[in-house]
Every structure is written in structure tokens, then in C-alpha cells.
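These notes concern the structure reproduced below.
Sequence lines set the chain letters: A, B, ... in the order given, protein chains first and strands last, and positions in each chain run from 1.
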Amino acid sequence: MEAKVAPQPAVQTPAPPVPKAKEGASPAEQRELKMKTSNVNLWYGEKQALFDVDLEIFDRSVTALIGPSGCGKSTFLRCLDRMNDVIDGCRVTGDIRLDGQDIYAPNVDPVQLRARVGMVFQKPNPFPKSIFENVAYGPRIHGLCSTKAELEEVVVGSLTRAGLFEEVKDRLHEPGTGLSGGQQQRLCIARAISVNPEVLLMDEPCSALDPIATARIEDLMEELKEQLCIVIVTHSMQQAARVSQRTAFFHLGKLIEVDQTSTIFTNPKEQRTQDYITGRFG
Amino acid sequence: MSDAKVIKPESLTIDWQSDKTNRRVRRRYAANRRLQAYGIIAIVLAIGLLGVLVTSIVSTGAPAFVQTKVDLQLDIDSAKVDPQDPASGNYRTIFRDAVANTVPGVTSKNQRSITKIFSSDAPYIVRDYVVSHPDVIGKTVTLAIPVSDPFDQLYKGVIPLKVDALSWSEARWFERLKNRAVVVEQDGRTGLKLDVYIDPAKVEAGPPPSGEFAALAQDSLQAYLPNVRDSSLFKMLADDAPEAIAKRIAADSGVIGKTVQIVFPVSAPYAELAKGETPKVLNPRYSPDQIEAFDTLKERGLVRSPFNWELFFRADSRFPERAGLAGAIAGSFYALLVCFLLSFPIGIAAAVYLEEFAPKNRITDLIEVNINNLAAVPSVVFGLLGLAVFLGYFGLPRSAPLVGGMVLSLMTLPTIIIATRAALKAVPPSIREAALGVGASKHQVMMHHVLPLALPGILTGTIIGMAQALGETAPLLLIGMNAFIPSVENVGLLEPATSLPTQIYSWADSPERGFVSRTSAAILVLLGFLVLMNVIAVALRHMFERKW
């Protein structure tokens, strides 16, 4: 664990002054652009919560959103799978693209979008059903499996990917709410990845968990990012430093700075980022 | 002004041991104790009143759960009953003969009153038995025939055999005469020593003396109690009292035209009263030969009081000993069925729409306020509405459980909608988010997650609404669902019917003594159903309750 916390030497970061995405994506693995938002503004009724957010999110990597409470990072996250649609009086303008397609376009079905962009919430929220049913729910409503054996395969596969299968294999039919907090959160992750999403949004997934459970989730993210794109909102800067490749700093509804995680934590360009990271406010 | 001191915080040193602070602490504790005491008093009061209510209903209603019956040997003579057509036999004669055979000393004179010991339905009970058991024709059977209401009440001890002969005011009149030393003992009889003016216009000296002696005696008694304007006062004088005047005139005709003192013997109850006893007479409901016959039946061990199954399995009757609740239970069942089938789906649909789909604007606010207000509308108003719309406008049949159920569902709907909305609100938003997050549509979120989780609350609300509807009387009275239903057979959705609360209402209105206890028994049955429904509600809540 500690090894991951250690920041990569800032010196090695190529071309620190170049801020934008293409350069940021160039090092090490060649990552493709997965989602791109431009000029995203969001209002809750009369109150504007997001101001002109432009962010690029890359595939097979973890993007961390940090910032003080109420800065709009969760709100922004919920824009990415249109979960804000269900909130009364919430209005979004701007352009959010997933693989180049505008997800707010009228021909996009938010239900299908949410199958492609999964979400894990702050508090573990398994359905009050069995562990099996929790994971099987997504594939079932999307008709992904035609036979029972196939469904079982998907459930076991998802639980295994979420690192939970070994712990619950003897009690798949017991209620998911009977698990411990960390196990419940991993169950929620298994549920989210059971429909094979391309993007996984995680809204402070570890804030209700103890350090050991947190470490397990972080390991899991490490593994999952090999296959999909993860966006995580976190209050813990250590966590952002440990798990993410890129970090975006939000303040008062604005995206202040986004860059390689190592750059943000060692050599931020903005004073406000520097102040936040060093704990001067927030 | 110059004395005004600036109080600095550090100068606010408080002595926590001073009398003043101790007093304040004591006062605070006293206030706490007072508050608790008020609560305890309120609860004790409530429980006490409930206890009084339940005790009074149970003690009044308990006798109705047994029915006094007489085992009567009936000779089903094939000469009187045609085996081909058992329904039209001469059962009145069969029954009368059986009574005559069982009770000794039945003459043609007292036969009518002796037969009145038994229920007036007795011949029909025999007929119904023979019709359902045609093989008994030509044989002798023993049937338990219910006794009529007065004897049922007598056997249960609800009505006393003997009652006070003198009313309270009659005893008072006598007391007043006693206080004026008018009451005397003479020749071993109790008498009233009264001043009598022997009016020459009313008597003849004779011999033998004649005249309106009774009027004279009554006038003189009236003179002692001038305020009493009640002819029952004169029952105080014995039948032979006027003769005392005749005797006096015969002894001395000179008393005519004078005022003399004459002792009039008093009637038997007053004589007993004068001795310090409480005079009793046979209850006027019964005749001596009836009592004699009933005692004979009791001595022969024929009178029993088994559990009154007929209370549950028979419909209404004019005779309390034959009246049951089956018709009312069936009517209530049909009405509640209609009520449930209408209000449950409509209520849930309305609540789901308002809670999950409706936009928040003025119209939905108005609807919401109105639904909440509807729950507080007096039920009789719904009855009037049903009368005007369902009966008046749509021309649905009167007294039918269908209309009753429709009116009750108007009343239950707001309850169900409010309960359902509360239950939907209580489902944690995290469950909705979780379902939305894996790509469930709004409909799937509702049907797969929110409704199942809200179900216990919805069911509880529904059952409480149904229980309310079960006890509702006023709207059913308005649409005429208090019909007289003497048979359970043709109870249906569109047939005239009655219901438990309206049955209670009509029984409470009936003058027969037996209906008093039957009313209470019906209330107990209704309460039983209510408790049962509430138990079901609690059980369902426990069954469906889930943790999250």
C-alpha cells in the first residue's frame, strides 16, 4: 500500500507546462480518450452548481475528482451517467460525449447509457435481496443472459472480479444486507460491473469504510482499471494520489486544474490547488 | 445610575451549593415529575375508560352467547306430515301436542300462554328439521327448541322472576303517611286512621248503609296527600277498605254529615312495607301457570343453555332468540370485498403517480391538499354523495353491498393514498439510485424495488382503512344497507343486505330485552373482526419487513 502512496518523482513527468489532454495521455501506456465534457453548466433551480467544466477522461485509467465539500464534483460525476435527470429542477447545458457521442442527445436512452456507465455510491446500497439476486439484477433487466447457467456464470464472474466470490461463495442466497460494510461495497461494485460497463463512476466509495476495507477497494480499482475507465470522487487526497493517474481539482463549481496526479500533488500550477492540497482550506 | 455595576463574566461566580440554586434544581426535578405524572394519569384514565367500556360490553353481551333451549319430544305423526311433501305438514299441532305431553296440566284454557314459553318460531324449527331429515316421519325425535325471549332472559337471570311491588314514589307516599302517625295496627292488620267527612249527599243510612264508600275513602286519603295527582295512590287501600265506612254508619248513623276517624286496612304490599319488608310480586311478563310449567321443565332436566351457534350461522329475525349475525357478516364481507377491489388498486396507482411521476406544480399541490382533506370529511357526507350519485344518478339498486362497497371505498381511498405515499417516501433513496445506477427504468425501479419495499406500509394502511370501513355505519344507513335479512341464502352483490354496524344499529333500536344482549354480542363480534384485521396487518408488516 505504502509503495503506491509514494509519489512518482515529479522530475520524470514530461513537459509539465503542457496542460492539455493529448500530451497527458502520451506517457507510458497509450490511453484513448473515453469521455469528454465541454462547457458543462448545471443549475439546481436558480442556483448554478457547475460552471463551464471541460474535462477529458481516458480509458483504462483512474481519474480522481477532488475538492472541498459542495464544490460540485459529485454533481459533475452524476452528469456523466445522467443520474441528475431524476432530480427535479436540475438543468444541464454543454456537451458531454462518450466515445464521441453526445449522451444528452435526444436519441440516447438514459437507461441504456447507465448500463454502459455504471455507478457505485458513497454508502453501500445493496438491494434487500440475496447476494446472487443483487448481482443478477442488472444482466436480467438488460436481457444479457438467456440461460440460467449463463446468468450464474456472469454472477460468479462479477463477484470474482470484485474480489468477493471467495468470501460469499457458500452464502450466495443469503441477503446482501447481511454482509459487512466493505463486503457490501464490493457487492455493489460487482453489481455495477455485472452489465460490463465501459465506465465506472465511484462517488466516494470508501468514505463509509474502515482502512482495511478501503485498501481492498483500492486494490480492486487497480485491477479493474486494466479493463475499464474509472472516475472516482474522493475526499482523501492520499487515496487520489494512490489510485489515480489523473486528478481534477474542483472548487466552487469550477474545474480549477486537471493534470497527471503526480503533477497535481507535487507541482500544481494553480495557487488554489496548492492551498487545498497542503490543507490550507477545504 | 451611578450605582450601576458592569457585570463581567468572571464576576458571575455561581455558588452551586447556595439555597437559590438548590431551589432551582428542586423545582426542575418537580417539573419533570409533574410532567411524568400527567402522562401517567392520562394513560391510567384512558385504560380505565377502555376497561369500563369493554367490561360493560362483555358483561352485557355474554348472555347472548348461550341460548336457553328445551329438549322437546316430538311425535312426527305421519298422519300430520305427508312424507311426499314434508314442508307443508301440520307442525303447529305436532308442536302443541309435544308441549301438552311434556308439561302436565295443560288445558285448552292455558295452552296459549304455556306455548308462549317457547319461541314463536318453534313449528318452523320442527318443519325445517323434518324437511332436512325426512326419515324421521312416523318416529319420535327430541329437538332442542329455543324458549321465547322472556324465558331465555329469566333462565339467564337477566330478568328477575319477582319485581318490587311498589314503586319508589309509592313507598314515599306511605312514608309520609307514616310520619304523620296515620299508620296504625288494628285487629292484626295494618290500617290508615283517616279523618273522613261522611258526606250526606253520598251515603244512605240504610239499613243496610249504602253509598259511594269507595269514593269517600279515596277522597279522605287524597286529603292527606293533596299534591299527589296519581290514581295509583288509591291502590294503597285494601279492597275491603270502603266497608269500614259502612260498618261505622251501621254502628252509628249519627256520623252522617260529620267528620269521623275511621281505620282503613291497607293493601297487602303496603302491609308488608309497614312491617319493614320489601314487597315483591311476580314479574308481570309471566303468568303463574307459565312459571309453574317452566319450573316443571327445569325439574325434569329438559332446560339447557348450550352455546349459541345460531348467533353466527343464522340471519336476522324478529324474535331475538332466533336472530343471528350471518346476514350482517355476509353483507359486510361483500361490501368490504368491493371496497378493497376498488380502493386498493386505485389508491396505489394514485399514490404512485403523485409520489413518483407527477410534476410538482400547483395542480398536484391542490390534489394533494384535497386528498388530505378528504380523509377528514365526515363519513355521512360520503353516504349522501353515494345516495345522490350511485343511487340517484346511476340508478344502482338500493341497499346493495355493491353500492355500500363503493361508498366505503370513497372513504377508504384517501387513507390508502396517504399511507401508500408515506410508505413510498420511506423507501430510502439509495435503493432507487442503486437500481437506476445499474440501468433500471423508472418502471422497473418502481415494480422491482420501491413497491415491494413499500408493501408492508401499504398493506398496513390498507387494512387499517378496511377496518375503518368495516365499522362505518352512517354512509351505509344513507344508502339503505340496513335491510331486514331473515335468510343468508340470497345475499349477493346486488341483493339488499345489511352489515355488522347497521345490524347493531337496528338491534339497538329493538324493544325486546333479548336484543340488548345481542347488540352487545354483535359489538363484540365486530370488535373481534377489527382485532383480527389489525393482527393481520401487524403480521403482514412483520412478514414483509426488510432491513436495509
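- With a 6.0 Å radius and a threshold of 12 heavy atoms from other residues, nucleotides or ligands, B:Phe333 has its CZ atom at or below the threshold.
- Surrounding CG of B:Leu49 are more than 12 heavy atoms belonging to other residues, nucleotides or ligands, all under 6.0 Å away.
- Comparing B:Ala434, B:Ala440, B:Ala435 by heavy-atom pairs within less than 4.5 Å of chain A, the highest count is held by B:Ala434.
- Between B:His449 and A:Tyr137 the shortest heavy-atom distance is NE2-CZ, 3.0 Å.
- Heavy-atom contacts from other residues, nucleotides or ligands closer than 6.0 Å to NZ of B:Lys360 number more than 12.
- Here the straight-line distance linking atom CD1 of A:Ile141 with atom NE2 of B:His443 works out to 11.5 Å at 0.5 Å rounding.
- Heavy-atom neighbours of A:Gln48 CD from other residues, nucleotides or ligands within 6.0 Å: above the threshold of 12.
- Options A:Gln184, A:Gln122, A:Met119, A:Arg191 differ in how many heavy-atom pairs under 4.5 Å they form with chain B, and the most are formed by A:Arg191.
- Here the straight-line distance linking atom CG of A:Asp109 with atom OG of B:Ser441 works out to 8.5 Å at 0.5 Å rounding.
- Proximity to chain B (any heavy atom under 4.5 Å) is shown, for A:Val120, by neither the backbone nor the side chain.
- Between B:Glu433 and A:Lys123, no side-chain nitrogen of the basic residue sits less than 4.0 Å from a carboxylate oxygen of the acidic one, so the salt-bridge criterion is not met.
- Taking the centre of each ring, A:Phe127 and B:His448 stay at or above the 6.0 Å mark.
- Here the shortest heavy-atom pairing between A:Pro128 and B:Leu453 reads CG-CD2, 3.3 Å.
- With values rounded to the nearest 0.5 angstrom, B:Leu436 atom CG is found 5.0 Å from A:Met83 atom CE.
- Neither the backbone nor the side chain of A:Arg140 comes within contact range of chain B, judged by heavy atoms closer than 4.5 Å.
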